[in-house]
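Throughout, protein chains are lettered first and strands after them, A, B, ... in sequence-line order, and every chain is numbered starting at 1.
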Amino acid sequence: MSAVEHPAPPPPAGPVPYDKAFAHRLLADMLRIRRLEEKAAELYGETKIRGFLHLYIGEEAVGVGALHALTSADNLVATYREHAHALLRGMDMGALMAELYGTREGCARGRGGSMHLFDRATRLFGGNAIVGGGLPLAVGLALADQMQGTQRVTACFFGDGAVAEGAFHESMNLAALWRLPVLFCCENNLYAMGTAIERHESQVDLRGKAASYGMPAVAADGMDVVAVHEAAKEAVAHVRERGGPMFVEFRTYRFRAHSMYDAELYRQKAEVEEWKTRGPIHTFTARLKAQGKLTEDEFLALDAAADAEVERAVAFAEAGTWEAAEDLSTDLYTPPGAVP
Amino acid sequence: MSAVEHPAPPPPAGPVPYDKAFAHRLLADMLRIRRLEEKAAELYGETKIRGFLHLYIGEEAVGVGALHALTSADNLVATYREHAHALLRGMDMGALMAELYGTREGCARGRGGSMHLFDRATRLFGGNAIVGGGLPLAVGLALADQMQGTQRVTACFFGDGAVAEGAFHESMNLAALWRLPVLFCCENNLYAMGTAIERHESQVDLRGKAASYGMPAVAADGMDVVAVHEAAKEAVAHVRERGGPMFVEFRTYRFRAHSMYDAELYRQKAEVEEWKTRGPIHTFTARLKAQGKLTEDEFLALDAAADAEVERAVAFAEAGTWEAAEDLSTDLYTPPGAVP
Amino acid sequence: MSRRISYREAMREALRDALRGDPRVFLMGEDVGRYGGTYAVSKGLLEEFGPERIRDTPLAELAFTGAGIGAALGGMRPIVEVMTVNFSLLALDQIVNNAALYRHMSGGQFSVPVVIRMATGAGRQVAAQHSHSFEGWYAGIPGIKVLAPATVEDARHMLAPALADPDPVLIFEHAALYNVEGDLPDACEPDIRSAKVMRPGKDVAILAYGGSLHKALAAAETLAAQGIDAEVVDLRVLRPLDDATLMASVAKCRRAVVVDEGWRSVSLASEIMARIVEQAFFELDAPLARVCSEEVPIPYARHMEEAALPQPEKIVAAVKGMFA
Amino acid sequence: MSRRISYREAMREALRDALRGDPRVFLMGEDVGRYGGTYAVSKGLLEEFGPERIRDTPLAELAFTGAGIGAALGGMRPIVEVMTVNFSLLALDQIVNNAALYRHMSGGQFSVPVVIRMATGAGRQVAAQHSHSFEGWYAGIPGIKVLAPATVEDARHMLAPALADPDPVLIFEHAALYNVEGDLPDACEPDIRSAKVMRPGKDVAILAYGGSLHKALAAAETLAAQGIDAEVVDLRVLRPLDDATLMASVAKCRRAVVVDEGWRSVSLASEIMARIVEQAFFELDAPLARVCSEEVPIPYARHMEEAALPQPEKIVAAVKGMFA
Ligand SMILES: Cc1ncc(C[n+]2csc(CCOP(=O)(O)OP(=O)(O)O)c2C)c(N)n1
Ligand SMILES: Cc1ncc(C[n+]2csc(CCOP(=O)(O)OP(=O)(O)O)c2C)c(N)n1
Ligand SMILES: [Mg+2]
Ligand SMILES: [Mg+2]
């Protein structure tokens with residue numbers, strides 16, 4: 001096992017410090033994401049979904065743990081690997097699936113697809129497919145809040161690969177310099193596409209970067225929804241109370257290919273298998289059961305509910321309609337009268 | 001005095017650990033730069049020189065101390081504030097002055113002016129007027145050396161302001177990741193144009209940045225040519241022996257305006273005056289005299305030599321000729337037969 | 001009634017008005033505050049509006065431009081100053097991939113009411129890296145609007161409608177114009193839609209904008225003395241182009257020359273020529289011509305810089321070539 | 001004699017040849033090594049040439065492109081792969097302000113023999129931020145050369161002369177072409193100077209490049225069936241444009257349409273139209289036309305993407321409009 005480049009951390013263990021309802025909510029959300037994406041992969045095979053499709057499978061604890069630390073008044077800026085984030089903000093799964101289909105009922109009218117989920121109602125500011133491209137936006141959203149006296153956190157997600165981009169550096173400095181309420185959430189899954197973190201970062205402990213901007217930083221086991229949620233809660237509280245930014249690194253792992261085109265030449269099967277044994281859903285399930293907070297029947301019910309939601313979403317997407325080609329230019333500019 | 005935003009460090013003191021000849025060389029070089037630039041400022045007033053002219057006055061200890069730690073085989077990448085660097089690499093002062101005049105005899109045929117001094121013979125790769133723009137070049141030059149097995153250091157100069165640019169971050173990471181022989185020389189004069197470092201960097205101790213890339217870093221008093229030279233020697237030795245990069249921060253101060261258009265609204269006169277009392281030339285002169293390594297006559301002779309060199313340079317530039325307008329496109333592309 | 005004012009002061013008045021009139025408006029960029037603005041445009045504004053609203057930024061073009069876009073999404077009305085168009089290349093990704101695409105790509109959910117100002121152009125011997133004119137590239141990007149005030153009137157009055165516009169608006173201020181004075185009429189119609197005939201004529205349409213407008217007007221005077229009555233049109237709005245005004249002028253004069261300080265190839269000038277040949281081909285009595293910057297990095301030496309840029313004499317020569 | 005080969009394999013063979021032939025040549029970019037190349041172009045090269053010469057980079061487009069320029073200055077012959085043109089905006093400053101200006105601005109002291117490759121274009125439903133075609137902008141930059149291989153022959157044979165060129169050369173590979181197969185003749189003349197008539201004709205010149213070339217050829221077939229004999233020219237070299245070949249084709253056909261996947265305004269298409277009207281105005285029997293991408297961010301949904309891009313039917317319609 002030690003031949004793998006990135007050994008997995010010890011499996012998450014210990015009692016889950018949440019009441020049953022909340023623990024079930026976390027589990028249910030991880031299941032919803034997992035089932036949604038498994039279905040999406042299947043639909044990709046059927047060519048119902050096209051373009052790029054980046055799955056979050058394996059990383060669900062990060063999105064679920066972190067987003068449950070935010071309120072609906074907070075802002076979210078995400079990447080192209082953002083099905084989980086959209087769903088957890090409260091986007092209807094049907095609207096999400098319809099967007100993957102490219103129909104008019106999609107959350108971005110079918111124009112964005114998987115990488116560009118937007119939702120004004122839940123303050124989801126995309127779905128950004130330029131690595132690092134969302135970070136400056138997050139800084140600006142937080143600046144707007146600071147200037148308007150709005151109490152709000154802007155959470156910004158990005159991968160380990162994004163840390164190498166100039167955009168990361170400039171955004172971190174701005175946020176720290178101006179003490180803006182930005183929560184920088186690094187989803188460190190150890191790879192930027194096929195490039196292992198050791199081959200793209202000279203210093204793989206990313207908290208040191210935050211320190212160099214005088215920004216507090218913390219790392220958490222991204223395979224453990226409890227660890228993620230606890231770290232995120234503290235970080236959100238810090239940002240909310242102090243007004244200044246914070247950096248959180250979630251150490252996680254992507255179980256599937258980078259996108260649908262990836263032959264995964266760059267990592268060993270054994271490494272993936274080892275990390276899968278730390279899968280966020282089954283380890284959490286096991287802990288809850290061990291603690292008597294979950295029965296197998298309850299698990300099956302949650303899973304069935306997730307499946308049913310996915311089925312409904314697919315049905316909704318299947319019943320979708322196409323935007324008219326004549327509307328190609330609609331909303332290139334804001335129509336007169338629309339409030340921006 | 002304490003009302004100023006950036007109090008000056010204690011004046012450089014203590015014995016100068018160099019023999020007379022080398023000490024005189026350092027002093028002579030500081031004087032050459034100073035006299036050259038004083039003259040350039042005068043000529044700017046006479047409109048002999050136009051465009052942007054960024055003076056190094058006050059910062060001479062940095063260039064002189066640092067460049068005397070390099071050999072002629074090393075590479076240099078500089079900024080738009082690079083008269084000193086060009087001269088210290090060994091560029092003929094006449095060719096430099098002619099470039100400021102814009103004549104064909106200039107080091108870049110009059111095409112570059114003050115911000116774009118180039119000299120193939122002394123491995124001076126510009127004069128770059130995009131803040132941070134030279135850093136990636138330096139990384140690439142060092143990469144070429146590493147790949148070709150050439151033992152050479154590439155020194156790259158940039159200001160405190162450049163540290164905020166994405167180019168800095170990306171370049172530091174690349175150099176550290178690939179262990180390239182780059183010497184990152186930060187001329188921290190506490191201001192980026194009119195923006196004090198506290199208003200452009202969330203963390204003003206810039207060594208922390210280097211640490212976040214796992215790159216060794218050191219800071220030196222940039223008003224003290226001895227401190228600069230010692231730090232630079234060690235850093236160059238480190239890069240040469242280990243092959244990996246190093247970051248050196250020289251803390252210095254610009255006595256003149258940022259460029260010729262600057263009303264200096266952003267800093268107090270008292271601050272400038274205080275720093276002037278730490279002027280690198282007169283403090284070094286005083287130390288040498290106190291140590292018996294310099295007489296007033298010797299000083300006057302060095303100064304006169306500098307003046308004479310400047311006079312010759314001006315005469316050379318005055319006698320210059322203009323590139324023909326028909327040659328506007330010459331060297332847009334490499335002419336056939338020219339070795340790139 | 002009118003008053004004498006410099007382009008710089010006109011721009012500053014526009015900024016002051018905007019800041020006074022709407023608490024959501026703020027200005028950010030490198031050295032806009034304590035330094036007083038590289039071109040002294042924002043001088044005095046820090047004192048009146050404070051460092052929150054006249055916000056000096058680090059050298060981080062990509063992030064502060066993106067932050068302006070984000071702040072616009074967050075309900076503010078930011079004016080981002082990118083010191084010069086040269087440095088805007090570092091911010092281009094944010095302008096294209098966020099500002100320009102955002103509304104369309106989000107299915108119409110979000111607008112980005114940001115204004116991005118920058119100085120452009122050559123003519124001050126600041127050499128190759130500081131003498132670019134990339135506004136033509138920006139004029140090719142759907143989802144944004146692009147303005148080029150060439151007169152004190154436009155310097156004074158384009159900012160308000162740009163800020164009122166719900167979509168990203170870029171304003172290119174030619175650096176050589178800041179010191180130019182002009183008569184500012186007391187009553188002006190703010191308009192960011194139309195081109196404007198600056199000098200009516202009948203023999204040839206000279207279509208120009210920004211710093212080149214004044215060269216076109218100078219050329220027209222020379223031509224007039226030689227019996228050629230040129231019409232000079234100020235494009236003013238580079239995106240969307242006001243085709244109707246341009247075509248009317250071309251149709252009337254039956255000859256046209258486009259003046260553009262951008263490099264000749266793939267320029268705004270080429271776009272205008274393409275539109276003329278699409279829309280007014282049969283009105284033309286002669287091939288179109290353009291006077292652009294030569295396709296070289298702009299050199300430092302004055303005579304070489306002059307040789308590289310559009311000049312009134314080159315415009316005159318181009319026009320006369322059409323009558324040869 | 002010829003053999004069947006895909007565009008991807010042709011490009012890979014070219015890379016392999018270059019790496020074998022010159023120890024100064026190396027390839028660097030995101031995921032060129034262990035991943036095998038985003039488009040699998042460089043698959044297998046890491047195994048043959050090792051991680052020094054097939055160099056995976058961090059996500060740092062600005063710095064690694066600049067490092068390629070620096071390495072070229074330092075005596076190497078780097079091939080920088082920017083994964084796609086979309087991300088090249090982040091590197092544009094280095095390409096313009098260093099690569100393109102360097103030789104001229106240094107008074108001829110330094111050349112920059114770097115090759116920068118990138119995938120370009122839309123058509124695979126990857127949505128607005130991943131579907132740009134900015135090669136037109138690059139074609140407007142003096143100091144660089146710009147190539148657009150559209151055939152397996154050019155994919156196989158443009159790299160060697162690009163590397164032999166002492167100045168920066170950009171190569172745009174249309175992402176939709178990688179899977180396309182073609183017949184590669186055993187003997188080829190490597191040439192990065194000229195445009196090429198791909199289909200001789202006499203009624204209308206269709207000028208196209210890259211991914212659009214194949215659409216132009218398809219349109220020509222349709223037109224032939226309707227009695228219109230179109231000549232199709234592959235631009236191949238986007239800078240410097242081979243005016244002579246283009247004008248010869250235009251003069252012969254007296255009608256021309258330009259096809260360009262870039263957004264319509266300020267595009268390579270507009271440049272070619274401008275040149276035609278400058279150089280061949282009196283040869284024209286009809287207004288010029290162009291078929292470009294619609295001026296919108298490219299949408300994800302397939303039918304909307306198709307509507308946004310040039311298509312053979314649009315080319316046919318544009319041509320037929322000229323005969324109406
Ligand atoms: C600026 C930019 N460069 C390159 C890409 C292509 N690309 C898409 S995702 C990706 C890897 C990103 O890795 P990371 O940030 O770690 O996120 P992850 O995919 O692992 O979640 C790359 C190289 C891009 N989209 N944007
Ligand atoms: C990318 C870029 N942005 C802005 C400028 C304008 N500018 C020139 S010098 C300068 C300040 C740079 O400060 P610093 O790096 O500290 O160097 P210093 O001038 O103090 O030596 C600025 C903002 C530029 N040349 N390049
Ligand atoms: Mg990753
Ligand atoms: Mg400084």
Enter the distance from B/L265:CG to C/L46:CG here, rounded to the nearest 0.5 Å. 10.0 Å
With chain C, which of B/S114, B/A108, B/A129 has the greatest number of heavy-atom pairs at distances under 4.5 Å? B/A129
Per-residue contact mode, C/E61 against chain B (heavy atom under 4.5 angstrom): both
For C/R302, I'd like to know if atom CZ has over 12 heavy atoms of other residues, nucleotides or ligands within 6.0 Å. no
Where do B/L328 and C/P299 come nearest, in terms of heavy atoms and distance? CD1-CG, 3.7 Å
Pick one of side chain, backbone, both or neither for B/L332, based on which atoms fall under 4.5 Å of a heavy atom in chain C. side chain
How long is the straight-line distance from CD of C/Q125 back to OG1 of B/T47, given to the nearest 0.5 Å? 9.5 Å
Less than 4.5 Å apart, any side-chain heavy atom of C/V126 and any of B/R50? no
B/Y266 vs C/Y35 aromatic rings, parallel, tilted or perpendicular, using cut-offs 30° and 60°? parallel
In Å and rounded to the nearest 0.5 Å, what is the CG to OH distance from B/L100 to C/Y300? 6.5 Å
C/E30 side chain near B/H200 side chain, heavy-atom distance below 4.5 Å: no
C/H130 ring center near B/F52 ring center (under 6.0 Å): yes
Evaluate whether atom NZ of C/K314 has more than 12 neighbouring non-hydrogen atoms of other residues, nucleotides or ligands under 6.0 angstrom away. yes
Measure B/A324 against the heavy atoms of chain C and call it side chain, backbone, both or neither at under 4.5 Å. backbone
When heavy-atom pairs shorter than 4.5 Å are enumerated against chain C, which of B/G112, B/A325, B/A192 gives the highest number? B/G112
Engaged part of B/Y191 at the chain C interface, taking heavy atoms whose separation is under 4.5 Å: neither
For C/L59, which atoms come within 4.5 Å of any heavy atom of chain B: side chain, backbone, both, or neither? both
Between C/T38 and B/M193, what is the shortest heavy-atom contact and its length? CG2-CE, 4.0 Å
Residue pair B/R199 / C/R34, side-chain heavy-atom distance below 4.5 Å: yes
Taking side chain as everything from C-beta outward and backbone as N, CA, C, O, which of these in C/L90 sits under 4.5 Å from a heavy atom of chain B? Side chain, backbone, both or neither. side chain
Do you know which two heavy atoms are closest between B/G194 and C/D31, and how far apart they sit? N-OD1, 2.9 Å
Measure C/E294 against the heavy atoms of chain B and call it side chain, backbone, both or neither at under 4.5 Å. side chain
Between B/E99, B/E326, B/R111, which has the largest tally of heavy atom pairs under 4.5 Å with chain C? B/R111
Going from CD on B/E165 to CZ on C/F87, what distance comes out if it is rounded to the nearest 0.5 angstrom? 9.5 Å
Could you tell me which non-hydrogen atom of B/A164 sits nearest to which non-hydrogen atom of C/A60, and how far apart they are? O-CB, 3.9 Å
Flag the pair B/M115 / C/Q129 as yes when at least one side-chain heavy-atom distance between them is below 4.5 Å, and no otherwise. no
Turns out that what part of B/D331 lies under 4.5 Å from chain C's heavy atoms comes down to neither
Chain C heavy atoms under 4.5 Å from B/I49: which part of the residue, side chain, backbone, both or neither? both
